[in-house]
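Please read the structure below before turning to the comments.
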Amino acid sequence: MNQKFQFLCLTVKMSLLFCVLTQSILAQEFYVSPSGNNLNEGTKSKPLATISEAKERALNAIEVDKCPDVTIWLQGGVYQIKEPVVFEPFSLKDPGHSIYFKAEKGACPVVSGGIQLSGWTKKSNGFWEVELSGLKNTPPRELFINGQRAKRSRFPNEGYLRIKKVGEDKRTNFFFEENDFPVPSVVEDAELVVLHDWSISRNSIQNIDTEVNRLTTKDSVGAKNLDFFDLDHWEANPRYFLENAIEFLDENYEWVYNSTLNKIIVKFPDNINPNQIETVIPVSEGLIVFNGNENSPVKNIHFEGITFCCSAWGIPGEGYGGIQACHFDPRPEINGWAVVPAAIFARCSENCSFRNCTIRDTGGSGIWLGTRCKNNLIINSSFFDISGNGIMIGEGSGREINGEKWWQAEPQQVALKNTIQNCVVRDCGVQFYGAVGIWCGLTAETTIKNNEIYDLPYTGISIGWMWSTEPTPCRQNVIEGNYIHHIMGILSDGGGIYMLGLQPGSKIENNHIHDVKINAGQAESNGMFLDQGTTDIVVAGNLIYNIAKSPLRFHMATTNLVSNNFLFCRNGNPPIRYNTTNEEDIEKVNNYVFAEQDENYNEELNKAIGNWNVPNVRH
């Protein structure tokens with residue numbers, strides 16, 4: 001009996017040990033803290049220090065220990081990185097493995113690509129300066145003071161100057177009025193910003209000749225291979241301003257970068273010592289990368305409750321010639337278009353997600369789900385203070401495979417079934433005014449639902465990337481229930497929603513759009529701009545009011561259905577504008593149209609607004 005009893009006890013112990021080990025394998029967890037140590041076990045009491053190390057531990061648990069799911073808990077604090085955290089595909093063939101990066105309950109973890117500046121000294125002129133010793137030689141374009149973007153020195157501080165006369169080549173020089181601006185002493189550091197209708201250019205300056213009042217840039221303003229970017233194409237006297245000269249440093253918290261001294265110079269209030277506050281510049285060009293491939297995508301990586309901030313991007317040395325929606329001339333080449341990169345970038349990712357996250361303070365765009373990204377989610381997240389586009393899905397039409405356009409050679413590479421829902425997107429295009437809140441190129445079955453998008457210099461949502469009715473994989477996209485307002489603040493020729501190209505089966509339904517501002521450009525600003533190639537889409541149940549021009553505009557569009565919309569028109573504008581579009585091709589059914597001069601205009605508008613459900617999004 002004694003031997004049997006001992007055997008039974010041993011069996012029970014082995015069973016308990018097996019259960020413990022099984023539970024450990026099935027629910028592996030690691031903890032990370034900025035005050036941790038990468039030599040630790042990764043427990044809550046002995047956390048790791050970096051996200052990269054936690055990622056490697058998770059991959060080891062999956063690929064070696066055969067653990068299907070790993071959760072990495074991030075404790076509160078700032079996780080500084082100097083280069084992106086890169087995710088490659090799992091080496092195992094089993095697709096069921098997942099890694100979750102989650103904020104610990106009550107914690108506010110921040111993944112930052114920025115560094116704190118120290119060693120500020122005050123000069124006799126009252127300005128403070130700090131040397132950027134040991135940093136990469138890319139001129140900084142952002143400075144954040146106590147978590148707020150500081151303004152790069154600018155002239156004029158508000159508004160714009162006007163070009164007096166365009167030079168002969170219409171691209172590299174222009175004449176200005178005498179005493180229009182203080183002439184920078186370090187001309188090579190100064191930057192010229194020129195506004196086009198729907199994009200901008202940022203150019204280095206070669207010379208400012210005060211004898212004849214002519215400014216000459218180092219390279220061409222605007223995209224070189226598009227004639228309509230001539231300086232005087234849209235306006236005879238286009239808007240411009242200048243940045244980054246100490247002569248413009250006249251407001252508190254303005255700053256300038258001097259490349260010769262490799263120093264940042266700031267005008268602080270008299271009672272502020274920058275050595276006692278937070279001053280940060282971004283250094284990491286990107287924060288998170290999903291680097292999958294056609295045959296082996298990155299799968300099942302999830303982030304929840306995490307803030308991502310301070311990713312860097314330096315414009316090309318030859319300048320930034322914006323074309324549309326943060327696509328630009330890739331100088332010195334003249335063929336194809338380049339794209340402002342994002343802080344979080346995915347190539348060939350599947351079933352990945354960002355929930356309850358914040359992306360802010362970026363030098364480029366926010367998130368970009370690019371080639372062959374499939375079934376990914378961006379949910380309940382906030383995007384603000386973004387230099388470029390807020391969220392990007394898919395890609396343009398220019399990439400080639402063996403000399404053939406990708407969408408013709410390999411249409412299955414289209415971004416498919418991605419969702420953006422219940423997000424707040426605001427204050428994008430801080431540097432590159434042609435940015436949009438949510439941009440989708442050639443995408444299929446994309447859902448953009450119940451988001452709030454506002455305070456933008458240009459368009460709210462842009463979808464499609466083909467200036468014709470030529471078939472592409474772009475199809476069945478849904479833009480539904482979004483609240484879009486206070487947009488088109490600087491540029492023109494856009495709207496709350498911009499659609500382009502053939503997208504069969506697509507719908508724009510139940511969106512609430514208002515306050516599309518008057519602009520100084522040549523083209524209209526509209527509630528929706530349905531551009532070239534828009535065909536067989538449904539525009540239904542939308543509420544549109546307080547629009548600078550018509551609530552709807554079709555340009556070179558074909559057959560479409562417009563039904564059950566509430567269209568409130570101002571200043572004698574028609575409810576629908578038809579540019580090179582046959583009016584009879586636009587089927588109109590049960591729309592409610594009100595003109596500003598109608599006696600019941602305000603009553604009907606207030607009633608329509610009161611009946612609308614503003615999406616319950618994360619702020």
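Just so you know, residue 1 is the first one in the sequence shown, and it goes up from there. All values below come from the heavy atoms of this structure, side chains included, with hydrogens, waters and symmetry mates left out.
Counting only distance, with no hydrogens or angles, the side chain of Trp368 and the backbone of Ala343 share no donor-acceptor pair below 3.5 Å. Remark: side-chain polar atoms of Asn262 are paired, donor with acceptor, to backbone N or O of Leu132 under 3.5 angstrom.
Ring geometry, Tyr31 versus Trp73: the interplanar angle falls under 30°, so the pair is classed parallel (tilted spans 30 to 60°). Phe354 and Phe290 have parallel rings, their planes meeting at less than 30° on a 0 to 90° scale where 60° marks the start of perpendicular. A tilted orientation is assigned to the rings of Phe328 and Trp313, their planes being inclined by 30° to 60°. Taking the six-membered ring for Trp and thresholds of 30 and 60 degrees, Trp337 and His327 have ring planes more than 60 degrees apart, a perpendicular arrangement.
With respect to the salt-bridge test (charged N to carboxylate O, under 4.0 angstrom), the residues Arg426 and Asp455 do not qualify. With respect to Glu304 and Arg355, no salt bridge is recorded, no charged nitrogen being found less than 4.0 Å from a carboxylate O. At a threshold of 4.0 Å, the pair Asp219-Lys224 counts as salt-bridged, since one of the basic side-chain nitrogens sits closer than that to a carboxylate oxygen. No salt bridge links Glu188 with Lys218; every basic N to acidic carboxylate O contact stays at or beyond 4.0 Å. A salt bridge links Glu243 with Arg152: the closest approach of a Lys/Arg side-chain nitrogen to an acidic carboxylate oxygen falls below 4.0 angstrom.
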Run the ring pair (Phe, Tyr, Trp, His ring centres under 6.0 Å) check on Tyr320 and Phe432 step by step: do they pass? CA-CA 9 Å; Tyr320 172 86; Phe432 310 107; 4.6 Å; yes
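To the nearest 0.5 Å, atom CG of residue Asn252 and atom CG of residue Leu249 are 9.5 Å apart.
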